[in-house]
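A short write-up of the structure that comes next.
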Number of protein chains: 2
Amino acid sequence: MGIKIYGFWRSIASFRVRVALRLKGLPFEETPVDILSGEQFEPGYEAVNAERVVPTFIHDGHSIFQSMAIMEYLDDIQPEPRLLPEDVKERAYARSLALMTIADAHPLVTPRIRNHLAKTFGADVKAIEEWGKHWTTEGLATYERLLARRLPAPFALGEEPGLADICIAGQVVTAQYLKLELNTFPTVARLAGRCFEIPAFATSHPFEQPGFKTASAH
Amino acid sequence: MGIKIYGFWRSIASFRVRVALRLKGLPFEETPVDILSGEQFEPGYEAVNAERVVPTFIHDGHSIFQSMAIMEYLDDIQPEPRLLPEDVKERAYARSLALMTIADAHPLVTPRIRNHLAKTFGADVKAIEEWGKHWTTEGLATYERLLARRLPAPFALGEEPGLADICIAGQVVTAQYLKLELNTFPTVARLAGRCFEIPAFATSHPFEQPGFKTASAH
């Protein structure tokens with residue numbers, strides 16, 4: 001197939017794409033772009049991704065950006081195993097769940113936001129961490145309210161893990177970065193626990209990436 | 001069909017859904033939820049939308065939230081006229097463009113963020129406006145770079161307006177709120193101009209909603 005991604009160990013959007021590829025059994029190569037040191041703003045990378053974000057997904061020379069667009073594309077080119085259910089109402093529910101972190105909770109805690117808070121409001125490390133905890137907790141609370149109304153059985157949409165589970169698991173990884181307790185979000189915690197028992201999720205976890213291991217060794 | 005939405009005149013996500021419904025010729029009723037005064041946090045609305053955001057889309061009693069999930073659902077239940085192209089690579093491009101505002105630019109300028117900046121960092125009206133201008137300009141600049149690489153002909157994906165155009169037009173409405181000049185984003189400005197010549201876009205513009213007219217009359 002010839003799939004290449006530009007990603008970063010800490011990027012939750014890169015995590016989502018990694019899991020999706022592994023659930024589908026599609027081999028890929030990942031090239032790291034260090035978004036903490038600002039490598040995404042270098043001209044060479046802008047030619048790859050005009051938005052200067054990770055991940056970028058390249059399939060036989062064709063580029064796609066935005067993790068949700070990439071995951072939908074994977075379902076379009078190789079429907080089985082499905083990331084999105086076939087039933088239209090179920091598809092809509094899966095997408096709604098996915099977008100709660102993709103469009104609401106996660107955009108608020110990315111490096112560019114943290115840097116801008118420091119620059120604009122003089123936010124220190126502690127204030128930036130509190131900002132991250134606030135919005136990440138909001139996201140977890142929303143998921144808990146929703147999953148309590150329709151319990152995972154055992155995954156968000158049913159028997160098999162898919163788009164919604166990937167995105168919820170990513171929200172839980174953000175909580176891990178911030179050392180947030182999940183006690184008050186038991187349904188979310190159980191779902192994420194179930195996900196990380198699956199090799200596609202476990203091997204895609206940020207702490208399992210070579211970049212994290214190198215960074216931690218210093 | 002029995003379509004109802006809970007929306008708000010100023011909500012860009014509500015704008016997107018309104019345009020999508022009108023492009024498809026689907027009649028709907030809209031119930032306003034004043035997100036500036038915090039009506040979305042009242043218990044009655046939480047029963048409708050556990051995420052406490054607008055819009056909520058209700059079709060024959062079934063609820064869907066998140067504007068992107070709603071627009072995809074509309075394409076699933078009534079494919080013509082299409083919001084997303086049929087070709088898988090083109091679909092991915094449309095979704096990538098849509099998500100640049102849905103997942104990156106727009107989440108940063110919503111009322112809950114503005115309120116949290118004031119509460120946490122003591123940001124005043126001017127500082128909050130500057131925050132909004134910064135991220136809205138970033139979003140416009142990204143669109144300009146991308147559209148310059150593949151010029152709209154005349155819409156982002158070709159002959160007909162669709163998902164990407166709706167989202168780009170919404171980003172331009174945010175710029176209008178902030179009175180940003182579009183001179184440096186000529187391709188974006190031309191595309192949005194073309195969109196707002198179409199009745200589905202023009203009648204869905206926030207300034208054309210009854211709530212805006214009532215608010216301005218005071």
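Residue numbers start from 1 in every chain, and the chains themselves are labelled A, B, ... in the order their sequence lines are given, proteins ahead of strands.
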Stepwise, does the side-chain contact (heavy atoms from CB on, under 4.5 Å) test hold for B:His62 with A:Tyr93?
CA-CA 10 Å; B:His62 179 80; A:Tyr93 181 58; 5.7 Å; no

Pair count under 4.5 Å, heavy atoms only, with chain A: among B:Ile70, B:Leu99, B:Thr142, B:Val53, highest is B:Leu99

What is the distance from atom CZ of A:Arg112 to atom CD of B:Glu138, rounded to the nearest 0.5 Å?
6.5 Å

Below 4.5 Å from any heavy atom of chain A, which atoms of B:Glu46 appear? Answer side chain, backbone, both or neither.
both

Check the orientation of A:Phe121 and B:Phe121. Use parallel for under 30°, tilted for 30 to 60°, and perpendicular for over 60°.
parallel

If you tally heavy-atom pairs under 4.5 Å against chain A, which of B:Gly122, B:Ala47, B:Ser63 wins?
B:Ala47

Return the option, out of B:Trp131, B:Trp135, B:Tyr143, with the maximum number of heavy-atom pairs under 4.5 Å with chain A.
B:Trp135

Charged N to carboxylate O below 4.0 Å: is that the case for B:Asp76 and A:Arg95?
yes

As a quick check of understanding, evaluate side-chain contact (heavy atoms from CB on, under 4.5 Å) for A:Gln66 and B:Leu97, giving each step before the final call.
CA-CA 9 Å; A:Gln66 291 287 340; B:Leu97 286 173; over 6 Å; no

For the residue pair B:Leu117 and A:Leu117, establish whether any side-chain heavy-atom pair is separated by less than 4.5 Å.
yes

Contacting region of A:Arg149 [heavy-atom separation from chain B under 4.5 Å]
side chain

Which portion of B:His106 sits near chain A, non-hydrogen atoms under 4.5 angstrom:
neither

Among A:Ala50, A:Ala69, A:Ala141, A:Ala13, which residue has the highest count of heavy-atom pairs closer than 4.5 Å to chain B?
A:Ala50

Nearest 0.5 Å, please: how far is NZ in B:Lys89 from CG in A:Asp60?
6.5 Å

Counting only heavy atoms closer than 4.5 Å, note whether B:Ile113 contacts chain A via side chain, backbone, both or neither.
both

Could you check whether the rings of A:His134 and B:His116 sit parallel, tilted or perpendicular, using 30° and 60° as the cut-offs?
parallel

Is the number of heavy atoms from other residues, nucleotides or ligands under 6.0 Å of A:Glu80 CD greater than 12?
yes

When you compare the side chain of A:Arg145 with that of B:Glu51, does any pair of heavy atoms fall below 4.5 Å?
no

Heavy-atom closest contact (B:Ile102 atom, A:Ala103 atom, distance)
O-CB, 3.5 Å

List the steps, then state whether side-chain contact (heavy atoms from CB on, under 4.5 Å) holds for B:Tyr73 with A:Val88.
CA-CA 7 Å; B:Tyr73 176 77; A:Val88 291; 4.2 Å; yes

Quick one: does any side-chain atom of B:Ser96 pair with a main-chain N or O of A:Ile64 as donor and acceptor, under 3.5 Å?
no

Report, as yes or no, whether the 6.0 Å neighbourhood of atom CD on A:Glu160 holds more than 12 heavy atoms from other residues, nucleotides or ligands.
no

Between A:Pro107 and B:Leu108, the two heavy atoms sitting closest are O-CD2, 3.6 Å

